[in-house]
Amino acid sequence: MKFGEELQAWYRQHKRDLPWRETKDAYKIWLSEIILQQTRVEQGLPYYVRFVERFKNVVEFANAEEDDILHLWQGLGYYSRGRNMHKAARIVRDQYQGVFPVDYQTLITLPGIGEYTAAAISSFANDEAQAVLDGNVFRVLARYYGIETPINSTEGKKIFTAIAKENLDHKHPALYNQAIMDFGATHCKPKLPLCEFCMFRPSCYALSKGQVDQLPVKLKAKTSKDRYFNYFILKDNDRILMSKRGEGDVWQNLYEFPLLESNYSLSIPDVLSDEWFISCFGSDAELHVLQQQTKHILSHQNIYATFFEVRLKGDLIQKKSNWDYVFLKDLDKLAKHKLIFTFLERSNF
DNA sequence: AAAGCGGGGTC
DNA sequence: GACCCAGCTTT
């Protein structure tokens with residue numbers, strides 16, 4: 001059997017039952033594909049269920065506010081996916097009469113849809129002959145053919161794209177794409193792949209050379225940087241002061257508490273004498289630590305967050321334009337990042 | 001070509 | 001602690 005036929009035979013026996021595989025609806029396939037970018041199936045699945053339940057079609061999705069989308073997205077990470085989906089949905093509503101496109105060339109013009117996702121949607125929804133190339137495919141091909149070129153280099157991308165195209169089963173693009181990705185996800189895994197049960201035992205280059213754990217090769221990212229976030233909880237009766245994050249940093253458009261970032265860990269006297277703090281809250285505010293410094297790890301930075309309660313003597317000196325008092329009972333409705341909603345869960349607000 | 005962008009799981 | 005996940009966008 002040829003490579004693709006072997007994979008499809010394997011797939012018939014081992015495929016995972018996933019809700020987005022029971023439909024040809026491009027909108028639902030799009031939802032699943034964006035959710036699954038850099039995200040494991042188990043983590044994305046409940047989000048997919050909530051999104052299809054809440055928005056039955058792309059027009060309903062487009063008619064929502066960005067805040068609503070981000071709120072449903074809360075906790076999933078890479079929030080630009082949610083923001084881009086919202087933009088894409090409005091383009092489909094306004095320029096494509098609400099009919100979700102299924103051809104690669106149109107799909108790739110939409111925000112948040114790159115080469116992988118355009119290939120996935122066009123093949124799954126329309127059986128267009130486009131080969132997907134994701135982390136699973138990189139790994140399977142690198143091992144099977146013994147390719148040592150780094151998968152995240154320009155050169156590597158070219159090589160793997162060419163091989164992926166050659167291997168695609170043009171008669172069954174959807175089936176083939178699903179098969180190679182599922183195979184990579186559950187069988188040819190990054191760690192402890194199931195080589196002893198593999199139908200490619202006779203032909204896998206990496207296995208024959210004992211290089212399975214060395215492949216694929218990936219250029220390593222540089223180290224994370226440390227940041228110190230000091231959050232201020234200000235209550236005013238049944239309301240609390242919240243801040244919406246802006247552009248050019250993590251967690252864009254998500255809500256949190258007023259924040260002072262510093263280059264090192266701050267003590268209470270440090271904060272009380274900080275110029276920015278005084279300009280907002282005055283020089284006679286009271287400070288209490290509500291939660292000692294906790295570490296929050298992102299893929300590219302380590303955030304050390306401390307939560308302070310602020311008790312004002314008088315009124316707020318200065319209220320930033322992105323700050324607003326929010327009723328405690330409405331706090332649940334805001335889209336917040338993990339650091340914030342975890343703090344709130346642990347408190348008794 | 002490289003950096004920025006989350007959160008969670010595995011070993 | 002290192003690596004990875006159904007990647008995309010910006011610089």
Side-chain angles (χ1 to χ4, degrees), chain A residues 15-16 18-21 29-48 70 73-85 87-88 107-121 123-124 130-140 142 150-158 160 164 174 176-186 188-193 213-225 227 245 247-254 295-303 335-342:
Chain A
K15 73 171 282 196
R16 292 178 286 182
L18 300 169
W20 46 86
R21 287 181 171 164
I29 294 171
W30 167 70
L31 266 179
S32 72
E33 289 304 333
I34 304 293
I35 287 172
L36 292 174
Q37 288 169 3
Q38 295 291 283
T39 304
R40 288 168 202 282
V41 165
E42 312 83 74
Q43 189 187 1
L45 184 52
Y47 286 84
Y48 172 81
L70 290 177
W73 199 270
Q74 176 173 301
L76 195 53
Y78 283 156
Y79 297 90
S80 65
R81 291 183 290 173
R83 297 193 303 271
N84 282 331
M85 283 184 100
K87 290 181 198 160
L107 287 165
I108 198 146
T109 66
L110 294 173
I113 297 186
E115 291 177 11
Y116 162 75
T117 306
I121 299 175
S123 65
F124 299 161
Q130 298 286 350
V132 293
L133 186 53
D134 74 332
N136 295 307
V137 180
F138 273 119
R139 186 170 52 257
V140 172
I151 59 173
N152 54 345
S153 66
T154 306
E155 174 70 8
K157 227 191 133 190
K158 254 164 65 179
F160 284 93
Y176 170 84
N177 280 336
Q178 299 278 16
I180 192 169
M181 287 196 289
D182 244 22
F183 180 72
T186 67
C188 194
K189 300 180 291 179
K191 305 283 182 190
L192 305 177
D213 354 323
Q214 273 76 263
L215 292 172
V217 175
K218 195 171 183 178
L219 269 32
K220 52 180 186 297
K222 59 171 228 179
T223 56
S224 294
K225 95 177 221 197
R227 302 175 72 179
R245 291 183 67 86
E247 292 183 39
D249 202 350
V250 293
W251 299 318
Q252 186 179 324
N253 294 1
L254 270 64
K295 184 179 181 180
H296 186 76
I297 301 172
L298 305 182
S299 54
H300 48 294
Q301 44 190 287
N302 301 316
I303 294 174
K336 301 164 291 287
H337 55 82
K338 159 109 176 154
L339 212 35
I340 302 303
F341 66 72
T342 301

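Scope of the values below: all heavy atoms of this structure, side chains included, with no hydrogens, waters or symmetry mates. Chain naming here is simple, since letters A, B, ... match the order of the sequence lines and numbering starts at 1 in each.
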Where the side chain of [X] is defined as all heavy atoms beyond and including C-beta, which of [options] is the nearest nucleotide?
X      : options              : answer
A:V250 : C:dG1, C:dA6, B:dG6  : B:dG6
A:D249 : C:dA6, C:dC8, B:dC5  : B:dC5
A:R81  : C:dG7, B:dG7, B:dG6  : B:dG6
A:P190 : C:dC5, B:dC11, C:dT9 : C:dC5
A:H296 : B:dG7, B:dG4, B:dC11 : B:dG7
A:Y116 : B:dG6, C:dC8, C:dC5  : C:dC8
A:R16  : B:dG7, C:dC5, C:dA6  : C:dA6
A:Q43  : B:dG7, C:dC5, B:dC11 : B:dG7

Tell whether A:T39 reaches the base of B:dG6 with its side chain through a donor-acceptor pair below 3.5 angstrom.
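By the distance-only test, yes, there is a pair.
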
Does a distance-only test, which skips hydrogens and angles, find a donor-acceptor pair under 3.5 Å between the side chain of A:R40 and the base of C:dC4?
yes

Whole-Å distance between [N] [atom2] and [X] [atom1]?
X      : N      : atom1 : atom2 : value
A:R83  : C:dT10 : CZ    : P     : 10 Å
A:I151 : C:dC5  : CD1   : C1'   : 11 Å
A:I297 : C:dG1  : CD1   : P     : 8 Å
A:D213 : C:dA2  : CG    : C1'   : 15 Å
A:L76  : C:dA6  : CG    : C1'   : 13 Å
A:L254 : B:dG7  : CG    : C1'   : 13 Å
A:I34  : B:dG7  : CD1   : P     : 18 Å
A:N302 : B:dG7  : CG    : P     : 13 Å

Measuring only the [atom1] atom in each nucleotide, how far is [N] from [M]? A whole number of Å is fine.
N     : M      : atom1 : answer
C:dC8 : B:dG9  : P     : 24 Å
C:dT9 : B:dG8  : P     : 24 Å
C:dA6 : B:dC11 : C1'   : 22 Å

Map A:P111 and A:K191 onto DNA chain C by nearest heavy atom, then report which one ends up closer to the 5' terminus.
A:K191

If you assign each of A:D182 and A:K220 to its closest nucleotide in DNA chain C, which residue comes earlier from the 5' end?
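The residue closer to the strand's 5' end, by nearest nucleotide, is A:K220.
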
Heavy-atom closest pair, residues A:S123 and A:A174
O-CB, 3.4 Å

If I compare all heavy atoms of A:D249 with all of A:R245, which pair ends up nearest, and what's the gap?
OD2-NH2, 3.2 Å

Report yes if a side-chain nitrogen or oxygen of [X] is closer than 4.0 Å to either non-bridging phosphate oxygen (OP1 or OP2) of [N]; otherwise report no.
X      : N     : answer
A:W73  : B:dG7 : no
A:H300 : B:dC5 : yes
A:Q38  : C:dG7 : yes
A:K338 : B:dG8 : yes
A:Q37  : B:dG6 : no
A:Y79  : B:dG7 : yes

Side-chain heavy atoms of A:N136 within contact of A:I180, under 4.5 Å:
no

Scan [X] against the nucleic acid and name what it touches under 4.0 Å (heavy atoms): base, sugar-phosphate only, or nothing.
X      : result
A:K189 : nothing
A:Q178 : base
A:L18  : base
A:T117 : sugar-phosphate

Students often mix this up, so state it plainly: with edges at 30° and 60°, are the rings of A:W20 and A:Y48 parallel, tilted or perpendicular?
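Because their plane-to-plane angle is over 60°, the rings of A:W20 and A:Y48 count as perpendicular.
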
Say whether A:R21 and A:Q178, considering side chains only, have a donor N or O and an acceptor N or O under 3.5 Å apart.
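Present: a donor and an acceptor within the cut-off.
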
Report the residue (A:G75 or A:L219) whose heavy-atom-nearest nucleotide on DNA chain B is the more 5′ of the two.
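Counting from the 5' end, the first nearest nucleotide belongs to A:L219.
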
I want to confirm an ordering. Mapping A:S80 and A:E42 to their closest nucleotides on DNA chain B, which one lands closer to the 5' end?
A:S80

Testing A:I121, A:V132, A:I113, A:L107 one by one against A:E33 for a side-chain contact (heavy atoms from CB on, under 4.5 Å), which residue passes?
A:I121

Got a sec: does the NZ of A:K189 have more than 12 other heavy atoms crowding it under 6.0 Å?
yes

Atom NZ of residue position A:K157 - does it have more than 12 heavy atoms of other residues, nucleotides or ligands inside 6.0 Å?
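Not buried by this count: 12 neighbours or fewer within 6.0 Å.
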
